[in-house]
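This report refers to the structure that appears directly beneath it.
Chain letters run A, B, ... following the sequence lines, proteins first and then strands; every chain starts at 1. Please read these numbers as outputs of a predicted model, since none were measured by experiment.
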There are 2 protein chains.
Amino acid sequence: METSSEKKKIPHMTITRLAQYLNCLSLLPREHYKEISSKELAAKIGLKPTVIRQDFHHFGGFGQAGYRYKVPNLIDGLERILGLDQKQNVIIVGVGHLGQALANYRNFEKLGLRLVGLFDINPRLIGITIRDVRVRDIDEIPGVVERDNVAIGIITTPAEAAQSTANLLAHAGVKGIWNFSPVNVAGPAGVIIQNEHLSVGMMTLSYMLKQSHPPEAQG
Amino acid sequence: METSSEKKKIPHMTITRLAQYLNCLSLLPREHYKEISSKELAAKIGLKPTVIRQDFHHFGGFGQAGYRYKVPNLIDGLERILGLDQKQNVIIVGVGHLGQALANYRNFEKLGLRLVGLFDINPRLIGITIRDVRVRDIDEIPGVVERDNVAIGIITTPAEAAQSTANLLAHAGVKGIWNFSPVNVAGPAGVIIQNEHLSVGMMTLSYMLKQSHPPEAQG
DNA sequence: TATTTTATGTTATAGAATTAACAAGGAGGT
DNA sequence: ACCTCCTTGTTAATTCTATAACATAAAATA
């Protein structure tokens with residue numbers, strides 16, 4: 001039970017973990033896991049059970065003392081918190097390899113997303129169809145966003161075009177931008193921007209590799 | 001305990017940010033930015049200058065009081081810390097859309113990576129060439145890893161094949177695994193694993209959208 | 001040349017997150 | 001029915017992180 005007017009600050013790491021929990025739960029066979037304990041879930045992700053319980057506690061908890069968590073109940077609750085219960089229309093701008101990979105991403109439906117548009121500036125790409133969605137010119141973006149009530153724009157353009165694409169999307173009226181280009185893009189207040197940098201993950205892996213496998217036997 | 005080397009515990013968030021700094025620095029035009037201040041860099045990423053200085057301080061700092069940071073010097077230092085100065089051979093397992101997107105990723109060279117192998121189980125993919133690299137069957141992985149001294153294996157297989165691929169890679173002798181499949185994979189001690197979940201970024205964006213744009217007058 | 005400005009390195013404090021410890025409640029066996 | 005074992009919700013303590021404040025040092029300016 002949360003008081004309606006009160007907005008407790010949820011740690012950002014908690015949100016990230018909630019997403020991991022949901023991802024993990026949605027992938028396990030339904031028949032074998034009607035229920036799951038914080039201990040079991042923690043083991044699957046590599047965390048301690050207290051982390052999970054503390055995360056859930058921010059939202060009043062999802063179970064009852066003594067019981068284990070009901071998996072469907074847990075999934076529903078997490079989806080509701082993360083806003084995945086509401087279906088959203090999305091478009092992808094930039095139909096290069098990464099754009100095409102995302103367009104073919106099967107888990108989009110699980111995330112409550114419906115791909116309603118693909119856009120590029122390359123005339124050789126305009127007109128082709130991917131998963132029943134035709135590639136159109138980017139100047140059609142404003143119309144599509146308004147007509148189809150597009151909530152999220154995905155940027156998979158080269159770095160040079162990323163910021164202008166973000167501006168175009170924001171001006172067209174999207175509420176969120178998921179940016180896969182190498183550069184950080186900025187937007188007007190009110191537009192949520194998620195910058196996704198693949199290289200960051202690679203660099204952290206590289207760092208950890210260096211830590212565990214030092215290049216030279218150094219004492 | 002205290003060893004002569006600088007093996008203090010570096011916060012994980014610091015490493016993530018170092019990667020962002022390097023990514024940002026490497027993308028700005030060299031002629032305009034021979035030097036940069038913590039204030040300027042912070043503004044570009046959306047942080048406070050103190051965060052950057054504190055991060056650098058873990059490694060003794062990269063400048064001198066009064067001077068601004070020399071960009072090339074900064075880049076070199078960050079690359080050295082992150083282990084990007086040492087060139088590493090990598091292979092990609094799973095030549096679906098995402099695998100092909102990564103194989104065409106131009107920034108691989110910047111990360112010190114050299115793609116030396118592509119692998120799949122699909123006979124229709126085996127034999128094709130992407131960026132001068134031929135797709136081979138996965139049973140050739142052990143030989144290639146040993147012969148070409150492959151340090152990192154990238155998993156872009158479906159969820160079902162992810163863990164077995166990780167096992168195969170670990171047994172073949174890779175030191176690190178970069179996993180893009182939806183499931184977390186585990187590995188033996190000594191093998192560093194970086195699980196990259198695209199859905200997590202999407203879910204956090206969805207959450208933030210819900211916070212700023214409440215669905216309807218509900219509750 | 002003296003002074004102001006700006007910059008980083010360093011240290012100390014406030015704040016946040018993780019971890020541990022405890023309380024409450026149900027299931028299962030004897 | 002009683003006892004023991006588990007499990008979650010909650011609170012407290014510890015650890016870690018981010019922020020602010022300060023010291024140091026060079027460049028720009030008058």
Side-chain angles (χ1 to χ4, degrees), chain A residues 1-3 6-21 25 33-78 81 200 204 207, chain B residues 1-2 6-21 24-25 33-78 81 200 204 207:
Chain A
M1 54 150 128
E2 73 265 11
T3 54
E6 196 173 341
K7 252 193 176 177
K8 307 168 189 175
K9 307 165 199 167
I10 307 298
H12 192 261
M13 274 295 139
T14 293
I15 300 303
T16 298
R17 282 193 298 262
L18 291 183
Q20 283 187 64
Y21 304 154
L25 290 170
Y33 283 91
K34 289 168 64 180
E35 296 177 347
I36 196 168
S37 69
S38 60
K39 198 175 180 180
E40 292 170 291
L41 182 56
K44 282 187 175 295
I45 307 189
L47 296 171
K48 301 192 177 181
T50 52
V51 177
I52 295 179
R53 292 211 298 278
Q54 187 72 291
D55 283 340
F56 289 176
H57 180 242
H58 287 118
F59 303 93
F62 290 100
Q64 232 179 35
Y67 288 104
R68 305 159 79 200
Y69 298 106
K70 264 85 173 172
V71 173
N73 181 32
L74 211 47
I75 290 178
D76 284 356
L78 291 172
I81 289 173
V200 170
T204 60
Y207 172 81
Chain B
M1 293 283 271
E2 81 294 338
E6 52 201 75
K7 231 184 178 184
K8 306 163 191 174
K9 301 168 197 169
I10 307 297
H12 192 261
M13 273 297 139
T14 292
I15 300 303
T16 297
R17 283 193 297 261
L18 292 183
Q20 283 187 64
Y21 304 155
C24 184
L25 291 169
Y33 283 92
K34 290 168 63 179
E35 297 176 345
I36 196 168
S37 68
S38 60
K39 198 175 180 180
E40 291 170 293
L41 182 56
K44 281 186 176 293
I45 308 189
L47 296 171
K48 300 191 177 181
T50 53
V51 178
I52 295 179
R53 293 211 299 276
Q54 187 72 289
D55 283 340
F56 289 176
H57 180 243
H58 288 119
F59 303 92
F62 290 99
Q64 233 180 36
Y67 287 105
R68 305 159 79 198
Y69 298 107
K70 265 85 172 173
V71 172
N73 181 34
L74 211 47
I75 290 179
D76 284 358
L78 291 173
I81 289 174
V200 170
T204 60
Y207 172 80

Query raised in the report: How close or far is atom P of D/dG9 from atom CD1 of A/I52, stated in whole angstroms?
Result: 12 Å
Query raised in the report: If you look at every strand shown and take non-hydrogen atoms under 4.0 Å, does B/R53 touch a base, only sugar-phosphate, or nothing?
Result: base
Report summary line: When rounded to whole Å, the CD1 to C1' distance for the pair B/I15 and D/dT17 reads 14 Å
Requested in this report: Classify the nucleic acid contact of B/F56 as base, sugar-phosphate or nothing, counting any heavy atom under 4.0 Å across all strands shown.
Outcome: nothing
Query raised in the report: Backbone N or O of A/S37 within a donor-acceptor pair of the A/E40 side chain at under 3.5 Å?
Result: yes
Query - Nearest-0.5 Å distance that lies between atom CD1 in B/I36 and atom OH in B/Y21 - result: 11.5 Å
Query raised in the report: What is the distance, rounded to the nearest whole Å, between atom CE of B/M13 and atom C1' of D/dA18?
Result: 12 Å
Query raised in the report: In whole angstroms, how far is the P atom of D/dG9 from the CD atom of A/Q64?
Result: 9 Å
**Report entry** First-last contacting nucleotides on DNA chain C - partner chain B, under 4.0 angstrom, heavy atom
**Finding:** C/dA7 to C/dA12
Requested in this report: Let me know the distance between NZ of A/K48 and P of D/dT8, rounded to the nearest Å.
Outcome: 17 Å
**Report entry** Test item: B/L25 and B/Y33 side chains (from C-beta on) under 4.5 Å apart, heavy atoms
**Finding:** no
Query raised in the report: Mind checking whether A/M13 and B/M13 have side chains closer than 4.5 Å, heavy atoms only?
Result: yes
Report task. Answer with yes or no after comparing the ring centroid distance for A/Y69 and A/F62 against a 6.0 Å cut-off, counting only values under it. Result -> no
Query raised in the report: Between B/Y67 and D/dT24, does any side-chain N or O lie under 4.0 Å from OP1 or OP2?
Result: no
Query - Spacing of A/D76 atom CG and A/I81 atom CD1 [to the nearest 0.5 Å] - result: 11.0 Å
Report task. Output the single nucleotide from D/dT10, D/dA18, D/dA21 whose closest atom is nearest the side chain of A/H57. Result -> D/dT10
Query raised in the report: Roughly how far, to the nearest 0.5 Å, is the CG atom of B/L74 from the SG atom of B/C24?
Result: 10.5 Å
Query - Interatomic distance, B/Q20 atom CD to B/I45 atom CD1 [nearest 0.5 angstrom] - result: 5.5 Å
Report task. Report yes if some heavy atom in the side chain of A/V51 is under 4.5 Å from a heavy atom in the side chain of A/Q54; otherwise report no. Result -> no
Query raised in the report: Going by heavy atoms closer than 4.0 Å, what residues in residues 33-40 of chain A are next to DNA chain D?
Result: A/I36, A/S37, A/S38
Report task. Could you tell me the separation between the CG atom of A/D55 and the C1' atom of D/dT8, rounded to a whole number of Å? Result -> 14 Å
Requested in this report: Output the single nucleotide from D/dA18, D/dG9, D/dT17 whose closest atom is nearest the side chain of B/R17.
Outcome: D/dA18
Query raised in the report: Would you say the base of D/dT10 and the side-chain of A/Q54 have a donor-acceptor pair closer than 3.5 Å?
Result: no
